[in-house]
Amino acid sequence: MEQFENPIRRSLAAHTSLPEEQIRLEVPRDAALGDLAFPCFTLAKTLRKAPPVIAAELAEAVGGELEGIAAAATGPYVNFTVERGLLARSVIAKVTAEGERYGHCELGGGETIVIDLSSPNIAKPMSVGHLRSTVIGAAVQRILDALGYRTLAINHIGDWGSQFGKLVAAIDRWGDSVEMETDPIRALLALYVRYHEEEAEDPSLAEEARRCFQELESGIDGPVRARWKRITALSLGEFDKIYARLGVSFQLVRGEAYFEPMLDETVERIEAAGITEVSEGALIVDLSEIAEGIPPCLLRKSDGTTLYATRDMAALFHRWEEYTFQRCLYVVGADQKLHFRQLKAVLERMGLDWEPRVEHVWFGMLRLPEGKMSTRKGRVVFLEEVLDRARDEALAIIEEKNPDLPGAAEIAEQVGVGAVVFNDLKRERIKDIEFEWDEVLSFEGETGPYVQYTHARLASILRRAEAADEGGANPDFSALADAAGVLLRIARFPAVLRSAGAHAEPSEVTTWVLGLCREVNGWYTQHRVLGQEPALTAARLALVGVAATAIARGLAILGLAAPREM
RNA sequence: GCGCCCGUAGCUCAGCCGGAUAGAGCACCGGUUUCCUAAACCGGGGGUCGCAGGUUCAAGUCCUGCCGGGCGCGCCA
């Protein structure tokens with residue numbers, strides 16, 4: 001789109017008092033009005049003329065000097081329409097040249113952006129709640145990669161806390177079961193729940209758990225630590241299975257425990273800034289001077305032990321020293337807004353100028369119809385089960401609609417997982433979501449499978465064209481006038497990526513790709529590609545090719561596969 | 001009680017830095033397959049943009065108050 005916007009801006013700037021970068025071009029409400037629009041309201045004051053008069057004069061002045069772009073005044077707007085042959089030739093040339101890299105740019109200049117995502121707790125199953133952080137974070141990473149940043153995805157595993165004392169004690173007491181190797185997370189969860197229950201009757205269990213955690217904290221490399229290490233390894237193994245299905249990988253997987261040895265120096269560092277104080281026996285940083293009503297940050301409990309915030313501070317300092325990041329994004333739910341507000345406030349009080357680089361990329365909470373999710377109350381939906389059911393549903397549909405499809409099992413996995421992932425990325429990330437099976441398992445309308453299906457149909461045309469050796473003629477691009485909607489959507493992709501990156505907002509990409517698919521499907525049902533006059537078939541095939549590439553690019557950014565058949 | 005976020009069609013959501021008659025999907029009703037995958041497409045009904053003020057040439061979009069919902073609020077993570 002820039003190849004058309006830039007000359008328009010230049011020309012408008014020459015005929016108004018406005019600098020080029022201040023000229024905002026919009027998309028007209030009605031596509032019939034034009035491809036781009038310039039509203040003339042702002043000029044009314046300085047020129048002391050009515051906007052429609054200005055629009056008419058500007059259209060007249062600018063119209064002549066723009067090659068291949070018509071300018072027409074409609075009321076207070078100057079509307080621009082790119083000549084259809086030029087539009088087609090230009091968009092097709094660009095996408096064809098860039099191919100798989102369509103939309104990439106060097107905006108980021110290789111600057112480092114750290115992304116903290118997923119971060120599940122070990123010994124607990126991943127629920128659909130963890131899905132959000134994982135898929136949003138991974139999509140944000142791919143968007144930023146495309147914009148030329150150097151990104152680092154960090155999985156900050158929750159592997160520390162007093163609950164692991166219980167778990168170790170439970171293994172001690174009831175020993176291993178076969179399940180521990182076959183389905184470790186369920187086994188660990190069962191142990192944890194049992195310990196929790198029996199603890200209520202027998203106080204010695206609580207004491208035993210405390211002793212175990214103390215030993216773990218002491219750093220002694222004994223049987224307690226060995227068990228804890230085993231729990232960690234088993235859990236990570238299970239998580240990796242899910243990550244593989246989601247196509248997510250990390251540059252760094254590091255548990256909270258890694259930062260245990262750095263806690264004292266972290267506290268000392270904050271103390272050295274002269275901002276700590278002791279309140280009710282605990283070591284705190286008062287934050288009321290940063291913002292009224294914000295509670296203090298607790299660094300040490302009255303018994304001297306550290307807290308979540310202390311470990312997060314340690315991890316953050318470590319990250320800064322290791323990477324000197326341009327941005328450090330925490331893809332963590334809305335329930336932790338205060339926590340990150342406090343972390344940043346501590347940095348601010350320490351006078352660290354890189355504080356603004358730390359951002360909490362928060363997302364809305366996922367609720368079940370019966371209320372907030374709770375592992376202890378058994379109100380959870382396991383992610384693995386969601387992915388399995390979606391895959392099974394996809395397979396059932398394939399068997400019904402395309403029974404001879406080769407590789408059906410693999411494609412069912414791609415489509416099922418795609419449905420789940422897309423569903424999580426399609427709304428603005430800050431919106432709360434109520435989990436409903438019907439919605440997650442829906443494959444029609446604004447869904448991942450709809451986008452994949454659109455792509456597969458285009459791929460089918462390309463496959464048949466190749467088999468029939470069609471499309472070799474010189475394409476008549478002027479014949480693609482009726483595909484302007486598709487071409488304009490494709491042309492907006494680079495701008496969509498830039499905006500999505502700036503906002504850390506994958507839903508801008510889902511919205512774009514859905515709009516593109518709507519245009520494509522509308523066009524598809526009205527036009528036949530193969531077997532037309534050679535110049536027409538060639539032009540339509542070129543269009544189909546770039547549309548398929550653009551949709552595949554969108555799917556790839558979002559983390560969905562783009563099967564060529566389904 | 002205090003703080004933060006959300007509130008657009010029956011449901012789920014778009015709506016670009018305030019700009020031209022508020023757009024999709026689902027659901028409902030009607031239509032489209034001798035034709036490149038009907039997981040699609042086309043048409044129809046359905047909206048006081050939570051409510052009340054304010055700023056502006058112009059407000060779904062900005063400001064204030066209220067109502068409804070969500071989340072959070074010192075020794076959990």
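Here is the naming used below: chain letters follow the sequence lines, and residue numbers restart at 1 for every chain. Hydrogens, waters and symmetry mates are skipped; everything else that's a heavy atom, side chains included, is used.
For A:R457 and B:rA38, the shortest distance from a side-chain N or O to OP1 or OP2 is below 4.0 Å. Between A:R464 and B:rU37, a side-chain N or O to OP1/OP2 separation shorter than 4.0 Å is present. One finds a side-chain N or O of A:K431 lying less than 4.0 angstrom from the OP1 or OP2 phosphate oxygen of B:rA14. At the phosphate of B:rC41, OP1 or OP2 sits under 4.0 Å from a side-chain N or O atom of A:Y450. A close approach under 4.0 Å does not occur between any side-chain nitrogen or oxygen of A:K337 and OP1 or OP2 of B:rC73. At B:rA20, one or more side-chain N or O atoms of A:R29 fall inside 4.0 Å of OP1 or OP2 (strictly under the cut-off). Proximity of A:K372 to the phosphate of B:rG72: a side-chain N or O atom is located under 4.0 Å from OP1 or OP2. Between A:R24 and B:rC17 there is no side-chain N or O to OP1 or OP2 distance below 4.0 Å. The side chain of A:Y308 places no N or O atom within less than 4.0 Å of a non-bridging phosphate oxygen (OP1 or OP2) of B:rA77.
With A:V509 as the fixed residue, the side chain to side chain contact (heavy atoms under 4.5 Å, CB included) test singles out one of A:L425, A:L514, A:I143, A:L555: A:I143.
In this entry the distance linking CH2 of A:W512 with P of B:rA24 reads 20 Å, nearest Å. At whole-Å resolution of the value, CG in A:L338 and C1' in B:rC4 are 9 Å apart. Here B:rA39 presents its P atom at 4 Å from OH of A:Y453, a figure rounded to the nearest Å. Counting to the nearest Å, the P atom of B:rC2 and the CD1 atom of A:I294 are 18 Å from each other. In this entry the distance linking CD of A:E428 with P of B:rG7 reads 8 Å, nearest Å. Atom CG in A:L514 sits about 13 Å away from atom C1' in B:rC26, given to the nearest Å. The distance from atom CG of A:L441 to atom P of B:rG25 is 21 Å, rounded to the nearest whole Å.
Among B:rG74, B:rC41, B:rC73, the nucleotide with an atom closest to any side-chain atom of A:E280 is B:rG74. Between B:rC41, B:rA39, B:rC71, one nucleotide has an atom nearer to the side chain of A:R518 than all others, and that is B:rC41. Nearest nucleotide to the A:F41 side chain, out of B:rC57, B:rC73, B:rG70: B:rC57. The nucleotide whose nearest atom lies closest to any side-chain atom of A:R311 is, among B:rU37, B:rC75, B:rA77, B:rA77. Comparing atom distances between the A:E565 side chain and each of B:rU37, B:rA14, B:rA40 picks out B:rU37 as nearest. Taking the side chain of A:R427 as heavy atoms from C-beta on, and the options B:rU12, B:rC6, B:rA20, the nearest nucleotide is B:rU12. Between B:rC16, B:rC71, B:rA40, one nucleotide has an atom nearer to the side chain of A:E26 than all others, and that is B:rC16. Comparing B:rU21, B:rA24, B:rG74 against the side chain of A:D30 picks out B:rU21 as the nearest. Each of B:rC75, B:rU37, B:rA77 was ranked by its minimum atom distance to the side chain of A:E256; first place goes to B:rA77. Of the candidates B:rA20, B:rC73, B:rC71, B:rC71 carries the atom nearest the A:R367 side chain, counting heavy atoms from C-beta on.
The shortest distance between side-chain heavy atoms of A:F340 and A:D312 falls below 4.5 Å. In this structure, the side chains of A:F493 and A:L497 come closer than 4.5 Å at one or more pairs of heavy atoms. The closest side-chain heavy-atom distance from A:L58 to A:T16 is below 4.5 Å.
Residue contacts for A:L33: at a heavy-atom cut-off of 4.0 Å it reaches a base atom on one of the strands shown. Note on A:A309: nothing from the nucleic acid sits closer than 4.0 angstrom, heavy atoms only. Among the protein residues, A:P28 comes within range of the nucleic acid bases, having at least one heavy atom under 4.0 Å from a base atom. Here A:I398 lies in heavy-atom contact (under 4.0 Å) with a base. Contacts of A:E434 with the nucleic acid, taken as non-hydrogen atoms under 4.0 Å apart, are absent. When heavy atoms are screened at a 4.0 angstrom cut-off, A:V415 is found touching base atoms of the nucleic acid. Note on A:I430: only backbone sugar-phosphate atoms sit closer than 4.0 angstrom, heavy atoms only; bases stay farther off. When heavy atoms are screened at a 4.0 angstrom cut-off, A:L298 is found touching base atoms of the nucleic acid. Here A:T42 lies in heavy-atom contact (under 4.0 Å) with a base. Here A:P39 lies out of heavy-atom contact (under 4.0 Å) with every strand.
Its glycosidic angle being more than 90° from 0, B:rG44 falls on the anti side.
Ring to ring, A:F80 and A:F4 are not that close: their centroids are 6.0 angstrom or more apart. For an aromatic pair to be called close, the ring centres must be under 6.0 Å apart, and A:F213 with A:W160 satisfies this.
Where A:Q163 and A:G445 meet RNA chain B, the nucleotide closest to each residue was compared, and A:G445 sits on the side nearer the 5' end. In this structure, A:Y524 and A:D432 both approach RNA chain B, and ranking their closest nucleotides by distance from the 5' end singles out A:Y524.
Put simply, the side chain of A:S302 and the base of B:rC75 share a donor and an acceptor less than 3.5 Å apart. For A:D159 against B:rA77, a side-chain-to-base donor-acceptor contact under 3.5 Å is absent.
Under the Watson-Crick or G-U wobble criterion, with both distances below 3.5 Å, B:rC57 is paired with B:rG19. Within the shown strands, B:rU12 is the pairing partner of B:rA24 under the Watson-Crick or G-U definition, both distances less than 3.5 Å. Using Watson-Crick or G-U wobble geometry with both donor-acceptor distances under 3.5 Å, B:rG74 finds no partner in any strand shown. If you check B:rG68 for Watson-Crick or wobble pairing at under 3.5 angstrom, you find it paired to B:rC6. Checking B:rA40 for Watson-Crick or G-U wobble geometry (two distances, each under 3.5 Å) identifies B:rU32 as its partner.
Interatomic distance, CG of A:L298 versus NZ of A:K301, reported as 10.0 Å (0.5 Å rounding).
Across every non-hydrogen atom of A:A291 and A:R341, the tightest pair is CB-NH2, 3.4 Å.
Comparing the C1' positions of B:rA27 and B:rG10 gives a spacing of 8 Å, expressed to the nearest Å.
Between the side chain of A:E470 and the backbone N or O of A:P534, no donor-acceptor pair lies under 3.5 Å.
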